[in-house]
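Notes for the one structure printed next.
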Protein chains: 2
Amino acid sequence: MTGSTTDTRQIIMNAARVMVQARGYNALSFREIGKEIGIKSASIHYHFPTKGDLGAALAHQYTEDALAFFGTLKDAALEPATCMEKYTGIFREALLNNNRMCLAGIMAAEHDDLPPEVRVEVDRFTDENVRWLTEVLAGKKTGLSDEQLRSQALAIFSAIEGAQLVARGRGDVAVFDQTIATYRSMSLIP
Amino acid sequence: MTGSTTDTRQIIMNAARVMVQARGYNALSFREIGKEIGIKSASIHYHFPTKGDLGAALAHQYTEDALAFFGTLKDAALEPATCMEKYTGIFREALLNNNRMCLAGIMAAEHDDLPPEVRVEVDRFTDENVRWLTEVLAGKKTGLSDEQLRSQALAIFSAIEGAQLVARGRGDVAVFDQTIATYRSMSLIP
DNA sequence: ACCTGAACACCGTTCAAGT
DNA sequence: ACCTGAACACCGTTCAAGT
């Protein structure tokens, strides 16, 4: 058990996640969170001693959520193309929801400025995504080697992150849709 | 004339560009620049009234440099595949050079936190890159419509930015090379 | 023309003190 | 167990003052 979904710790994390997805880890402010949820910034340090602890908890929970989503797709036993449509759909949703970015994507951009404990969680998100994409690709029975499948999975993940990053700059989901469609027409994405 | 390459204004910009490419716009600090180049932070405001002015000047010069590079490639009248190799080479160089990122890519991630004058310059970088990539693709005489060429150019730019973002997270240029090779094998990049 | 010190309201962090 | 006020060294910005 990790506690009720409305305990202070989770309320802090919810406010913080929104801030990071909109403006990045560096723009995350304890004082701003405090003002938003009606608590003093010093109190947040009781739940998360440092900003790095909060960032790491955020990235960790984000990956856990992704893994849970991957699990539901696995259980549904969908074909690769349908799986990929649902996958790109999550990145699309983030853009629709106030032009937000993937938490790991925006943090990867700030990589060199991240405390080690945050960096480790961001890397885990990439690993788990690539691992899952590799499994989906393996379901296509193309006779490609594991190494080739992993390369393609990494390329797919990179391409989607890039599409989100650029589309976000334009503030236009249509740009994202157009780019994903192009990836698909080139068979980069099944 | 934009003045000598070693005047104070340019020295500030050089130090600032390195900081942004390594740690993002938010991590850019007037006081840190001051310490590095031996000047008081208040003095920097004489050259760049606000942080937004500095960021916009940085992005503007970055785009101008890119345009100059595009010009030399055009003059060399290379075939598309060779052009693209030189193009991806720039992004590769940034990673080799202290794991840095494309200035526009890292700033795009912080998009919502950027002053309007900076945002405008970051968008211009994307526009000019897509415009140039469209021209290169047009040189292939594939009979695709202008609209289709532009879509592919946007997809190429997005995919390369994403490859750089993810490879940077791993701190491994080999990851970038592998992903670009995959893009090429799928004919996303000529 | 270019630089500076001092002040302002911000920031994360610490810590003794409250309940 | 959880929260707070006050202090610390940071930040961008402003401005009167120096050369």
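Note that the structure is predicted; figures quoted are calculated from it, not measured. Lettering follows sequence order; numbering is per chain, from 1.
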*Measure from CG on B/Asp7 to C1' on C/dA1 and round the result to the nearest Å.*
13 Å
*Any residue of residues 22-30 of chain A with a heavy atom less than 4.0 Å from an atom of DNA chain C*: A/Leu28, A/Ser29, A/Phe30
I'd like a table of atom pairs between the protein and nucleotides 3-7 of chain C - only N or O on both sides, under 3.5 Å - with the distance next to each one.
unit_1, atom_1, unit_2, atom_2, d
C/dC3, OP2, B/His47, NE2, 2.7
C/dT4, OP2, B/Lys40, N, 2.9
C/dT4, OP2, B/Ser43, OG, 2.8

*Rounded to the nearest 0.5 Å, what separation is found between the CZ atom of A/Arg17 and the CD1 atom of A/Ile12?*
14.0 Å
*Could you tell me how the ring of B/Phe70 sits relative to the ring of B/Trp132: parallel (under 30°), tilted (30 to 60°) or perpendicular (over 60°)?*
parallel
*For residues A/Arg23 and B/His111, is any side-chain donor paired with an opposing acceptor at under 3.5 Å?*
no
*Counting only heavy atoms not in A/Arg150, do more than 12 fall under 6.0 Å of its CZ?*
no
*Could you please spell out the steps behind the side-chain hydrogen bond (donor to acceptor under 3.5 Å, both in side chains) verdict for A/Gln178 and B/Ser151?*
CA-CA 7 Å; A/Gln178 195 184 36; B/Ser151 281; 2.8 Å; yes
_Separation of C/dC10 P from A/Ile33 CD1 (nearest whole Å)_ = 17 Å
*Measure centre to centre between the rings of A/Phe91 and A/Phe176, then say whether the value is under 6.0 Å.*
no
_Range-with-range stems of DNA chain C (Watson-Crick or G-U pairs under 3.5 Å, three or more in a row)_ = C:4-8 with D:12-16, C:12-16 with D:4-8
*Whole angstrom is fine here: how far is it from CD in B/Glu32 over to C1' in D/dT13?*
17 Å
